There are 2 protein chains.
Amino acid sequence: MATIHDVARVAGVSISTVSYALSGKRSIGPAVRARVDSAVAELGYQANAGARMLAGTQTNILALSAPMHAETHPPAFMSFVVSIATAAREVDYDLLLLTETEPLAGLRRVASSKLVDGIVVMDVSTDDPRVPLLRDLRLPSAIIGVPDDVDGMTCVDFDFEAAADLAVERLAALGHREIGLLGHSAALYERGSNFAPRFRDAFLASAAARGVKALFTMSDLGSRADVVGEMRRELPGMTALVLNCNEEEHRRVLHSLERDDVTIPSDLAVVSACSSFSTDNFTTALDVIPLPAEKSGRRAVELTMAQLRGDSEAHVELIPPEYVAKGSTVSV
Amino acid sequence: MATIHDVARVAGVSISTVSYALSGKRSIGPAVRARVDSAVAELGYQANAGARMLAGTQTNILALSAPMHAETHPPAFMSFVVSIATAAREVDYDLLLLTETEPLAGLRRVASSKLVDGIVVMDVSTDDPRVPLLRDLRLPSAIIGVPDDVDGMTCVDFDFEAAADLAVERLAALGHREIGLLGHSAALYERGSNFAPRFRDAFLASAAARGVKALFTMSDLGSRADVVGEMRRELPGMTALVLNCNEEEHRRVLHSLERDDVTIPSDLAVVSACSSFSTDNFTTALDVIPLPAEKSGRRAVELTMAQLRGDSEAHVELIPPEYVAKGSTVSV
DNA sequence: GCCCATTGTCGAAGCGCTTCGACACTCACC
DNA sequence: GGTGAGTGTCGAAGCGCTTCGACAATGGGC
């Protein structure tokens, strides 16, 4: 493999000149630059990663802490990972993927061995132990999600509160006065999920503020086969339903409604909120407030890079929701 | 951050002694080793990754080439990625994730900058351009899948041929004489998919060998709403159906059958083959020949490590299928 | 009691790069 | 024509580690 010495020899200059020509950190005469470039091309020179890390201050590697658990939704997870990897490559960074279920050791390791320049942390819970660790590590980092203690941390996330409010607002504007919310599984709320309770609380608050009667229920694939039926019995005047649950539960709901001859949207308006999957292929296409995983992932990388450059203040950044109508709501 | 010099000073030995004590490449007196260990613990020493790469011969990083395309099934993709990451960590390796849709440049980059010690390549098509590149790179590597030209390459894959044969064998043993196969989408076959045609061909061959009448059809979520209906019309004597398609198509099939009052298994025996998802949560649990993504991923890492140690011959390794009965087949 | 093999430790070279300070040189300016 | 401010290039130090060869120190065999 060619080294910088080889390039220097072929170009007839010193190695420091080669280094400056390639990094652009000092001005180089056009003739010399051309000779260096052609030597690089001729030799297929690629700087040695280890040497660069050791001598320089950057590794051009980003760590992604993406532990998995039972509630992880693979497609959503993948959207995040891929968007982060893609955004990183655009600024010439590679992604080191840390998937250990016990993530602290891995983060410590990559940080203190100076393997990575920054860290992106996915799927944080409200009291995620990675947050205080990250604070200690003093490495550029971005958190996807909003933990309880955001002090000094840079966070990006979808604006779940605004999404809940948007859903209620749209339905209320259509005249709906009694709205149900089918949430995620109880397990998700219990393990300190970030987004599920935020959506729920904002939903209830928004309904209250608008004088709308609200009913919240958690889904439970195991035991509650007919959640929607239960909801309709408990809130007989319910004319609209907001779904903030996973794909499988969506299917079950649509299936139940079909079975009970409940027509969407004339009998029941349905909105899918914060879904990471397409609602187009369901038996009935649903109005949706999509979860923009790509945007969050990309933004997390950008914010980490900004810290690397030193121009950034710790802050929480929320991505505004958008409502996409597909004909599953109608005024009442 | 503490360096090896600090450790040496605290332990009262030279840095080379520290290095040998930590690597175990030369014998070290028990007293000295204890002093080194406690110094390491006291200082929280972690060897600098760049320095280690530069001085040593290993980087302890593995690249995973996992490009994505329209037909990628997120859960399966994730199983592979996670199992590879996990297996790598077990041998103290980190995973560098390369997801670019145009993967060649990335592979060249990580290889010639000596960033990684080896490469695992996922989801190769029959004439994947990554294969010849990999051959050039002369880096330890493992391919998941079996390309046309396997010369000099180490490949791991599920034994799709054996799986197809197993499905036919089981059904034939139960007395089924006319069996349908619903395959993946046409797009998948066209883009040179590895596994889909292998399964199809082996299925047809096995059926022919057993004197079983076979019908093969590709699924097409867009236009063919009622593939199973079509199949049943085309092969009226069909008493068994093998599904080698994605999760969504599985659901559609079960839905159609339910609608047409076709009972499983009395009217039609159904087997799901090479599915990367659980068939337990369908309306009817299906007999399945699961795709052991975790095994393939793990094995790919093991084979790469073996090459790193120098004790391995290039070869193709196929993981045998297993049949899991769930009650969706019965003798006819 | 001597020799040789073994064991444990050390010094120093070197991996390939970045970056600092030095140093010619050129050119505008008074 | 001398001065000063760029401009382009180079030499050398050093990043933190691995590893080779050297060399005491120990102990067993005769």
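Chain naming here is simple, since letters A, B, ... match the order of the sequence lines and numbering starts at 1 in each. Given the structure is predicted, the values throughout are model-derived calculations rather than measurements.
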Interatomic distance where [atom1] belongs to [X] and [atom2] belongs to [N] [whole Å]:
X	N	atom1	atom2	value
A:M1	C:dC17	CE	P	11 Å
B:H5	D:dT18	NE2	P	12 Å
B:R52	D:dG16	CZ	C1'	11 Å
B:N60	D:dC17	CG	C1'	13 Å
B:M53	D:dT19	CE	C1'	19 Å
B:K25	D:dT18	NZ	P	7 Å
A:Y20	C:dG21	OH	P	10 Å
A:K114	C:dC17	NZ	P	21 Å

For nucleotides 12-15 of chain D, list the nitrogen or oxygen atoms of the protein found under 3.5 Å from its nitrogen or oxygen atoms, one pair per line.
residue	atom	partner	partner atom	Å
D:dC15	O2	A:A55	N	3.4

- Query: Hey, mind stepping through A:S125 and A:R191 against side chain to side chain donor-acceptor pair (under 3.5 Å) and telling me if it holds?
  - Reply: CA-CA 8 Å; A:S125 57; A:R191 66 178 293 284; 5.5 Å; no
- Note on the structure: Here the residues of residues 31-47 of chain B within 4.0 Å heavy-atom distance, strictly under, of DNA chain D are B:Y45, B:A47
- Message: Using the side chain to side chain contact (heavy atoms under 4.5 Å, CB included) definition, which of the options A:L137, A:L107, A:I143 pairs with A:R130?
- Response: A:L107
- Item | Ion pair B:D94/A:R109, N-O distance below 4.0 Å | yes
- Message: Can you build the contact string for nucleotides 22-28 of chain C? Use B for base contact, S for sugar-phosphate-only contact, and - for no protein heavy atom under 4.0 Å.
- Response: B------
- Message: Measuring to OP1 and OP2 of D:dC10, would you say a side-chain N or O of A:S14 lies under 4.0 angstrom away?
- Response: yes
- Query: Does B:S27 have a side-chain nitrogen or oxygen under 4.0 Å from the phosphate oxygens OP1 or OP2 of C:dT7?
  - Reply: no
- Task: Could you tell me whether a side-chain N or O of B:H315 sits under 3.5 Å from a main-chain N or O of B:E313, the two making a donor and an acceptor?
- Result: yes
- B:T86 side-chain N/O to B:V82 backbone N/O, donor-acceptor pair under 3.5 Å: yes
- Task: When you get a sec, tell me which of D:dT19, C:dT9, D:dT9 is the closest nucleotide to the side chain of B:S19?
- Result: D:dT19
- Task: Mark yes or no: B:R198 above the aromatic ring of B:F160, with NZ or CZ under 6.0 Å from the six-membered ring centre and no more than 45 degrees from the axis.
- Result: no
- Could you go through the side-chain contact (heavy atoms from CB on, under 4.5 Å) check for A:I319 and A:D159 one step at a time? CA-CA 5 Å; A:I319 296 173; A:D159 195 338; 5.9 Å; no
- Message: Any non-hydrogen side-chain atom of A:D157 less than 4.5 Å from a side-chain atom of A:L318?
- Response: yes
- Would you say B:M53 and A:L115 make side-chain contact, with heavy atoms under 4.5 Å? yes
- Atom pair CG (B:D149) and CG (B:D128), whose distance is rounded to the nearest 0.5 Å: 12.0 Å
- Task: Please step through side-chain contact (heavy atoms from CB on, under 4.5 Å) for the pair B:L96 and B:V110, ending with a clear verdict.
- Result: CA-CA 9 Å; B:L96 200 78; B:V110 298; 3.6 Å; yes
